[in-house]
Protein chains: 4
Amino acid sequence: MTDSKEPARARAAGAKRQRLVEAAADIVHRQGAERTTIADIARAAEVPVGNVYYYFKTKDELVSAALSEHERHLNLLIGRLNRLPDPRERLKGLIEGWVGQRDLAVRYGCPTGTLAAELAKRDQGGLDIEAGRVIRLLLTWVEEQFRQLDQPDPESLALTLVGAYQGMSLLANALRDPAVMEREGARLTAWIDSLGAA
Amino acid sequence: MTDSKEPARARAAGAKRQRLVEAAADIVHRQGAERTTIADIARAAEVPVGNVYYYFKTKDELVSAALSEHERHLNLLIGRLNRLPDPRERLKGLIEGWVGQRDLAVRYGCPTGTLAAELAKRDQGGLDIEAGRVIRLLLTWVEEQFRQLDQPDPESLALTLVGAYQGMSLLANALRDPAVMEREGARLTAWIDSLGAA
Amino acid sequence: MTDSKEPARARAAGAKRQRLVEAAADIVHRQGAERTTIADIARAAEVPVGNVYYYFKTKDELVSAALSEHERHLNLLIGRLNRLPDPRERLKGLIEGWVGQRDLAVRYGCPTGTLAAELAKRDQGGLDIEAGRVIRLLLTWVEEQFRQLDQPDPESLALTLVGAYQGMSLLANALRDPAVMEREGARLTAWIDSLGAA
Amino acid sequence: MTDSKEPARARAAGAKRQRLVEAAADIVHRQGAERTTIADIARAAEVPVGNVYYYFKTKDELVSAALSEHERHLNLLIGRLNRLPDPRERLKGLIEGWVGQRDLAVRYGCPTGTLAAELAKRDQGGLDIEAGRVIRLLLTWVEEQFRQLDQPDPESLALTLVGAYQGMSLLANALRDPAVMEREGARLTAWIDSLGAA
DNA sequence: GATGAATGAGACTTCATTCAT
DNA sequence: AATGAATGAAGTCTCATTCAT
């Protein structure tokens with residue numbers, strides 16, 4: 001909903017910036033940061049190339065913004081899951097979400113995971129650390145759910161669950177096979193269900 | 001061991017080619033395919049840039065050769081593991097090998113996994129399929145071990161084990177934390193040990 | 001002192017214009033005209049970039065204004081020196097001023113001289129001629145002092161004195177050595193003192 | 001003279017590099033380093049733009065090479081002057097050379113002096129220091145001549161002579177007047193002649 | 001076969017200037 | 001008058017690939 005109090009310009013500007021961020025998040029996911037050119041992103045956002053630099057001083061800043069966009073999505077997802085009353089349901093909801101995105105994973109892998117892997121191969125810039133931070137955000141939330149389920153060593157369990165997600169995304173992507181997501185998703189769901197049964 | 005029957009020329013040429021392949025495998029692992037230049041590889045292999053094209057018509061062919069080099073390493077590893085008499089020991093040896101490489105994983109991730117993820121973001125060239133093939137090779141071997149252990153659904157178990165490896169490598173890499181490899185490695189070993197106990 | 005008769009708008013506008021001119025003179029001296037961007041000047045003057053063009057149609061006009069600002073400073077200096085009763089003292093005061101500015105000269109050279117040298121390398125625009133005019137202003141005044149000292153060929157003497165100033169500024173700047181200014185300044189002072197001894 | 005023992009390629013390559021250096025020295029003198037583009041130099045040297053980077057990794061390296069080219073010219077000049085038997089004649093020969101170049105000075109100033117002034121306005125890169133070194137080379141040689149003339153404080157005299165040259169070049173350039181070079185040149189020659197007459 | 005050099009397309013980035021409000 | 005945003009032409013630099021010897 002556009003607030004008519006702010007000038008049309010500011011609205012357009014904010015919208016344009018957001019368009020750029022969304023285009024960056026999407027295209028970087030699909031092509032990788034290295035293969036993505038500023039022109040690719042500008043074209044998708046329908047912004048003249050030169051104008052991109054009004055919003056982002058360097059390509060790396062755009063990649064960083066794309067990362068933040070993924071972080072924002074993750075926070076939205078966590079927010080939705082937090083409305084579920086039971087931590088077990090929350091974890092199962094998370095897994096369900098992963099499986100629901102299987103077609104995207106098959107084609108391009110996990111947005112954050114593949115970007116983290118790509119950025120880790122750089123020596124400079126610190127973008128790799130930003131990527132690590134986003135992944136840690138997920139780990140921390142998952143750990144908290146295991147803790148609420150009174151599980152021992154919730155940190156390790158979080159590592160296992162998130163690791164399984166990254167692994168299944170990578171395999172589904174490498175093998176071009178959505179069934180990987182379904183089978184592993186089902187296994188993880190059953191695992192969560194089995195917890196604390198003893 | 002050099003076979004004195006082939007002319008010195010060919011021997012030297014073969015050695016040069018092999019140097020290039022090894023350099024490519026190593027540098028592509030560390031920098032990613034996109035960030036690696038032909039000049040990087042040529043320099044590391046101590047081969048003049050122009051000469052690279054005598055052995056590889058395109059950069060993609062070099063990347064493909066790097067992938068084959070990883071495949072060769074994998075086959076060597078499998079060959080060593082196959083000497084172990086027990087499939088359970090073979091799987092545990094595989095996991096042990098993963099954990100033993102944790103420092104490399106922390107810095108650059110799994111050579112094949114990260115390369116597969118990078119190549120999957122391309123539309124053309126078919127290199128992504130080659131990467132999938134290498135990963136499938138590992139999956140197939142692991143599956144065979146589970147089958148020899150009389151486990152039900154060995155294919156899914158292979159997916160779980162290899163997926164866990166890819167996931168823990170990615171997390172260790174993204175978090176820059178070798179402990180991830182150790183904890184997950186220990187868990188996987190315990191899991192393998194627990195199999196068939198019933 | 002602000003004249004309350006002109007509307008606040010105009011006063012503010014005039015102040016803004018003056019801020020721009022001063023910032024331009026300063027930054028162009030320190031960075032050179034070519035390396036100085038409109039944004040640099042706008043930022044230093046605390047004026048929005050877009051607004052600069054309300055006062056100056058082109059960047060060259062701003063450079064021209066910077067040149068005029070140096071001319072204004074020169075005229076102020078000449079005005080102060082003219083209050084001295086003796087032409088010999090006036091010339092010595094001029095030299096003293098040069099030496100007093102030695103730290104600035106060491107870092108950035110003579111504001112007018114370096115700008116003249118930079119502008120002379122352009123083919124179009126005529127800014128080089130404006131720079132020549134400012135330098136000629138100084139030459140003319142110095143010539144007049146020599147004339148009042150009854151020196152033969154005052155024009156040549158002016159050339160020698162001002163040339164010595166430009167030369168010592170350039171050398172001090174290139175060698176990053178303020179002592180150059182001191183030694184040459186002392187020599188020039190002694191020279192002026194020696195004049196007309198005959 | 002081309003040595004037929006080196007391969008034609010190497011000869012051509014060396015020649016091309018030298019063409020680039022000469023073009024850079026010339027164009028940078030005429031346009032200034034900032035206004036000179038790699039394309040300008042490439043065009044003048046008849047070299048494709050991309051190829052320039054085979055010889056010089058950055059534009060700054062080309063500017064540095066231009067500076068070295070001026071240094072080489074200076075060394076050649078010094079070499080010629082050193083064949084003169086008398087230090088007084090050597091200094092007068094130097095001045096004569098300056099005046100002989102007056103048309104170039106009028107249009108573009110002293111190659112080394114204007115470049116030094118331009119480079120001193122940078123904060124990074126160290127090119128300013130290289131420029132200072134070239135100027136110091138001249139100063140040192142001039143100082144040595146004064147020393148051989150048994151003059152007191154030869155260092156200051158060198159500063160005075162070289163400073164006068166830089167000053168007269170700048171004024172001739174700014175005023176677009178070759179007469180400046182002639183008059184100051186004549187004065188300096190007379191000064192050298194008068195030395196030690198006492 | 002071998003190799004230093006050449007080529008050209010294209011990437012990122014800067015910036016004077018203009019525009020819309 | 002004022003101003004954040006827009007524009008597009010350049011400029012520097014990289015690099016896969018090809019060429020000439």
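Numbered from 1 within each chain, the chains take letters A, B, ... in sequence-line order.
Atom CZ of Arg43(D) is separated from atom C1' of dA10(F) by 13 Å (rounded to the nearest Å). One can place CZ of Phe56(A) at 12 Å from P of dA6(F), the figure rounded to the nearest angstrom. Between the P atom of dG4(E) and the OH atom of Tyr55(D) lies a distance of 13 Å, rounded to the nearest Å. Taking atom CG on Asp40(A) and atom P on dG10(E), their separation rounds to 12 Å, with Å as the unit. Between Glu46(D) atom CD and dT7(E) atom P there is a gap of 12 Å when expressed in whole angstrom units. Protein atom CD1 of Ile41(C) is 11 Å distant from nucleotide atom P of dT17(E), rounded to whole Å. We find that OH of Tyr53(A) is positioned 16 Å from C1' of dA6(F), with the value rounded to whole Å. dC12(E) atom C1' lies 7 Å from atom CD1 of Ile38(A), rounded to whole Å.
Checked by atom type and distance alone, the side chain of Lys59(D) pairs as donor or acceptor with a backbone atom of Ala33(D) at under 3.5 Å. At least one donor-acceptor pair closer than 3.5 Å links the side chain of Asp40(D) to the backbone N or O of Thr37(D). In this structure, the side chain of His29(C) engages the main chain of Gly109(C) through a donor-acceptor pair within 3.5 Å.
For the side chain to side chain donor-acceptor pair (under 3.5 Å) test, no residue two or more places apart in sequence or in another chain qualifies with Glu61(C). With sequence neighbours excluded, the residues that form a side chain to side chain donor-acceptor pair (under 3.5 Å) with Arg133(D) are Glu71(D).
Going from atom CG of Leu115(A) over to atom CG of Leu127(A) covers 8.0 Å, rounded to the nearest 0.5 Å. Residue Glu118(C) holds its CD atom at 5.5 Å from CD of Glu34(C), rounded to the nearest 0.5 Å. In this structure, CD1 in Ile38(A) is found 9.5 Å from CZ in Phe56(A), a value given to the nearest 0.5 Å. Interatomic distance, Lys121(C) NZ to Thr114(D) OG1, rounded to the nearest 0.5 Å: 3.0 Å. Expressed to the nearest 0.5 Å, how far CZ of Arg107(D) lies from CG of Asp128(C) amounts to 13.5 Å.
Taking the side chain of Val49(A) as heavy atoms from C-beta on, and the options dT13(E), dT7(E), dT17(F), the nearest nucleotide is dT13(E).
The phosphate of dA1(F) (OP1 or OP2) has a side-chain N or O of Tyr54(C) nearer than 4.0 angstrom. Between Asn51(A) and dA5(F), a side-chain N or O to OP1/OP2 separation shorter than 4.0 Å is absent.
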Which string of ( ) [ ] | and . matches DNA chain E, if you list each base 5' to 3' and count Watson-Crick or G-U pairs only when both distances are under 3.5 Å? .||||||||||||||||||||
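For the pair Gln31(C) and Arg35(C), the tightest heavy-atom approach, listed with the atom from each and the gap, is O-CB, 3.3 Å.
Within residues 116-123 of chain B, no residue is approached by DNA chain F to less than 4.0 Å at the level of any non-hydrogen atom. Contacts between residues 28-37 of chain B and DNA chain F, defined by a heavy-atom separation under 4.0 Å, are made by Thr36(B), Thr37(B).
Note on Lys57(B): nothing from the nucleic acid sits closer than 4.0 angstrom, heavy atoms only.
Nearest-nucleotide positions on DNA chain F place Gly50(D) closer to the 5' end than the other of Gly50(D) and Asp60(B). Comparing Val52(B) and Pro48(D) against DNA chain E, the residue whose closest nucleotide sits nearer the 5' end is Val52(B). Nucleotides of DNA chain E nearest to Ala39(A) and Val47(D) differ in position, and the one nearer the 5' end is that of Val47(D).
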Under 3.5 Å donor-acceptor pairs involving side-chain atoms of residues 62-70 of chain B, not counting sequence neighbours:
| residue | atom | partner | partner atom | Å |
| --- | --- | --- | --- | --- |
| Ser64(B) | OG | Glu130(B) | OE1 | 2.7 |
| Ser64(B) | OG | Glu130(B) | OE2 | 3.3 |
| Ser68(B) | OG | Ser64(B) | O | 3.2 |
| Glu69(B) | OE1 | Arg72(B) | NE | 3.2 |
| Glu69(B) | OE2 | Arg72(B) | NH2 | 3.0 |
| Glu69(B) | OE2 | His73(B) | NE2 | 3.4 |

